[in-house]
2 protein chains.
Amino acid sequence: MRSDARDNRAKIVAAAIDIIEQQGTMASLNEIAKRAGIGPGTLYRHFPTRDELLAEVLVAWVARVEAAADATVITSKSDLVDWLDRLALVSNEYRGLAASIAAVADDADSPLQSAHSATLRANDRVFAQGRAIGLFEGPVDAGTVGRLVTGVAMVTEQAALSAEQTRAMLEVVLDGLLVRAASSVQS
Amino acid sequence: MRSDARDNRAKIVAAAIDIIEQQGTMASLNEIAKRAGIGPGTLYRHFPTRDELLAEVLVAWVARVEAAADATVITSKSDLVDWLDRLALVSNEYRGLAASIAAVADDADSPLQSAHSATLRANDRVFAQGRAIGLFEGPVDAGTVGRLVTGVAMVTEQAALSAEQTRAMLEVVLDGLLVRAASSVQS
DNA sequence: ACCTGAACACCGTTCAAGT
DNA sequence: ACCTGAACACCGTTCAAGT
């Protein structure tokens with residue numbers, strides 16, 4: 001890789017982080033190119049699809065999601081709600097992010113796959129803690145949980161819901177999960 | 001209203017129904033105008049915003065939602081899941097519909113408000129049946145239910161989920177609602 | 001090998017000019 | 001009073017021409 005190419009690539013990613021932070025995952029690629037000080041063709045040369053660029057922008061995000069899961073200690077049911085809440089929040093860290101990741105759920109070859117599977121794994125680990133301390137016993141389908149949280153994140157963004165409205169949904173979701181997994185703790 | 005104006009309005013709505021059925025709520029307005037055989041300016045004269053046009057397209061849809069609620073008889077918990085399933089399906093009748101309606105949730109003056117409140121009322125009536133036959137006793141927040149179903153509908157579309165995956169989410173949601181409303185029926 | 005930027009076919013939206 | 005359709009500022013995307 002030539003040094004000017006390497007420089008340009010870095011400039012594109014920096015500009016993308018900047019602009020996607022402000023405008024969301026659907027931000028104009030031409031605008032990102034302009035902000036990076038390069039021609040649109042150069043952006044396409046380095047990132048033939050929007051998702052490839054987005055994947056690069058999300059590298060730090062994925063790390064943060066995994067760190068959040070690692071830092072989470074579950075000692076009660078409300079800790080699990082807190083976790084789901086945090087996950088929904090993080091899924092909306094950039095506008096359109098939840099939708100961008102959801103759109104890729106069944107495409108194993110997508111450059112965004114690591115972002116998608118990172119949230120699944122994070123969820124899995126946290127729920128494993130819940131099981132370990134006896135909050136429930138039966139199986140909890142990680143896919144269903146992930147999809148529910150994504151759905152909650154998507155409405156939250158689209159309808160500009162308050163934190164309380166979002167949490168109310170997640171409490172319902174968690175209660176549903178716990179009943180179905182034969183929770184030993186009620187209410 | 002002049003007769004040519006009335007004709008044009010009807011042609012626009014017919015074209016909009018056609019094209020929105022195929023392409024979803026975000027279909028190109030210029031394309032709708034072209035299909036209607038009129039200039040784009042004429043479309044904007046009759047429908048200054050996309051939502052005003054969409055509201056017209058949804059008149060029949062709203063009637064169908066209310067008819068569906070009227071035709072629904074709840075005799076068991078699984079009937080309620082069936083209802084939620086039906087509501088999610090109907091929310092995705094046009095691509096982008098769930099999102100279009102959600103975006104308008106807190107705007108009482110939106111032309112789409114009748115579409116939004118129709119789903120809320122429909123839900124309310126069906127859940128009232130559930131309460132009447134003793135499936136639960138406590139209050140169920142219609143807003144929370146509506147948002148959850150919308151969220152489920154949105155992920156379903158975005159991630160191209162199967163009917164089974166969607167239903168799995170709705171079963172969790174309903175169980176959560178019932179626990180929180182002090183259900184007298186378990187599993 | 002890589003970059004530029006004009007060009008293409010589209011958007012939504014407006015508005016002078018027509019009838 | 002209503003309609004037309006060219007025009008504007010934008011998209012995403014491509015590709016000849018440059019270095």
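Atom set for the values below is all heavy atoms of this structure, side chains included, hydrogens, waters and symmetry mates excluded. The structure presented is a predicted model; accordingly, all values stated were derived computationally and were not measured. Convention: sequence-line order gives letters A, B, ...; per-chain numbering from 1.
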S.K.: Which of these nucleotides, C:dG12, D:dC3, D:dT13, is closest to any side-chain atom of A:Leu29?
M.R.: D:dT13
S.K.: Under 4.0 angstrom, heavy atoms only, what part of the nucleic acid is A:Asp4 near: base, sugar-phosphate, or nothing?
M.R.: sugar-phosphate
S.K.: Just how far, in rounded Å, is P of D:dG18 from CD1 of A:Ile38?
M.R.: 21 Å
S.K.: Classify the nucleic acid contact of B:Ala27 as base, sugar-phosphate or nothing, counting any heavy atom under 4.0 Å across all strands shown.
M.R.: sugar-phosphate
S.K.: Please state whether the phosphate of C:dC2, meaning OP1 or OP2, lies under 4.0 angstrom from any side-chain nitrogen or oxygen of A:His46.
M.R.: no
S.K.: Starting at atom NZ of B:Lys34, determine the distance to atom C1' of D:dT4, rounded to an integer number of angstrom.
M.R.: 14 Å
S.K.: Can B:Ile133 be reached from B:Leu174 by stepping across I, L, V, M, F, W or Y side chains whose heavy atoms are under 4.5 Å apart?
M.R.: yes
S.K.: Which base, if any, makes a Watson-Crick or G-U wobble pair with C:dG5, both distances under 3.5 Å?
M.R.: D:dC15
S.K.: In whole Å, what is the span from the CZ atom of A:Arg45 to the P atom of D:dT14?
M.R.: 14 Å
S.K.: Can you tell which of D:dG12, C:dT4, D:dA1 lies closest to the side chain of A:Arg50?
M.R.: D:dG12
S.K.: If only atom types and distance count, is the side chain of B:Gln158 paired as donor or acceptor with the main-chain N or O of A:Ser100 below 3.5 Å?
M.R.: no
S.K.: Between B:Thr42 and B:Met26, which is nearer to the 5' end of DNA chain C once each is assigned its nearest nucleotide?
M.R.: B:Met26
S.K.: Keeping B:Arg167 on the side-chain end and B:Ser162 on the backbone end, is there a donor-acceptor pair under 3.5 Å?
M.R.: no
S.K.: Could you check B:Met1 against A:Thr49 and say which one's nearest nucleotide on DNA chain D is further toward the 5' end?
M.R.: B:Met1
S.K.: The side chain of B:Asn30 lies closest to which of these nucleotides: D:dC3, C:dG12, C:dC3?
M.R.: C:dG12
S.K.: Rounded to whole angstroms, how far apart are CG on A:Leu43 and P on D:dC15?
M.R.: 17 Å
S.K.: Closest to the A:Tyr44 side chain: C:dT14, D:dG12, D:dT4?
M.R.: D:dG12
S.K.: Out of D:dT13, D:dC3, D:dC11, which nucleotide sits closest to the side chain of A:Glu31?
M.R.: D:dC11
S.K.: Taking all non-hydrogen atoms of both residues, which atom of A:Ile32 and which atom of A:Leu43 are closest, and how far apart?
M.R.: CG2-CD1, 3.9 Å
S.K.: From C:dC3, C:dA6, C:dT13, pick the nucleotide closest to the side chain of B:Pro40?
M.R.: C:dT13
S.K.: Whole-Å distance between C:dC10 P and B:Gln23 CD?
M.R.: 12 Å
S.K.: Looking only at the side chain of A:Ala5 (C-beta and beyond, no hydrogens), which of the listed nucleotides C:dC3, D:dT4, D:dC2 gets closest?
M.R.: C:dC3
S.K.: Provide, to the nearest angstrom, the distance between the CG atom belonging to B:Asn8 and the C1' atom belonging to D:dT4.
M.R.: 11 Å
S.K.: Examine distances only and state if a side-chain atom of B:Arg131 and a backbone atom of B:Gly138 form a donor-acceptor pair shorter than 3.5 Å.
M.R.: yes
S.K.: Using atom CZ of A:Arg2 as one end and atom P of D:dT19 as the other, report the distance to the nearest whole Å.
M.R.: 13 Å
S.K.: Is B:Arg86 atom CZ crowded by more than 12 heavy atoms from other residues, nucleotides or ligands, each under 6.0 Å away?
M.R.: no
S.K.: Please state how far atom CZ in A:Arg9 lies from atom P in C:dC2, giving the value in whole angstrom units.
M.R.: 12 Å
S.K.: Nearest to the side chain of A:Ser28, heavy atoms from C-beta on, is which of D:dC11, C:dT13, D:dT4?
M.R.: D:dC11
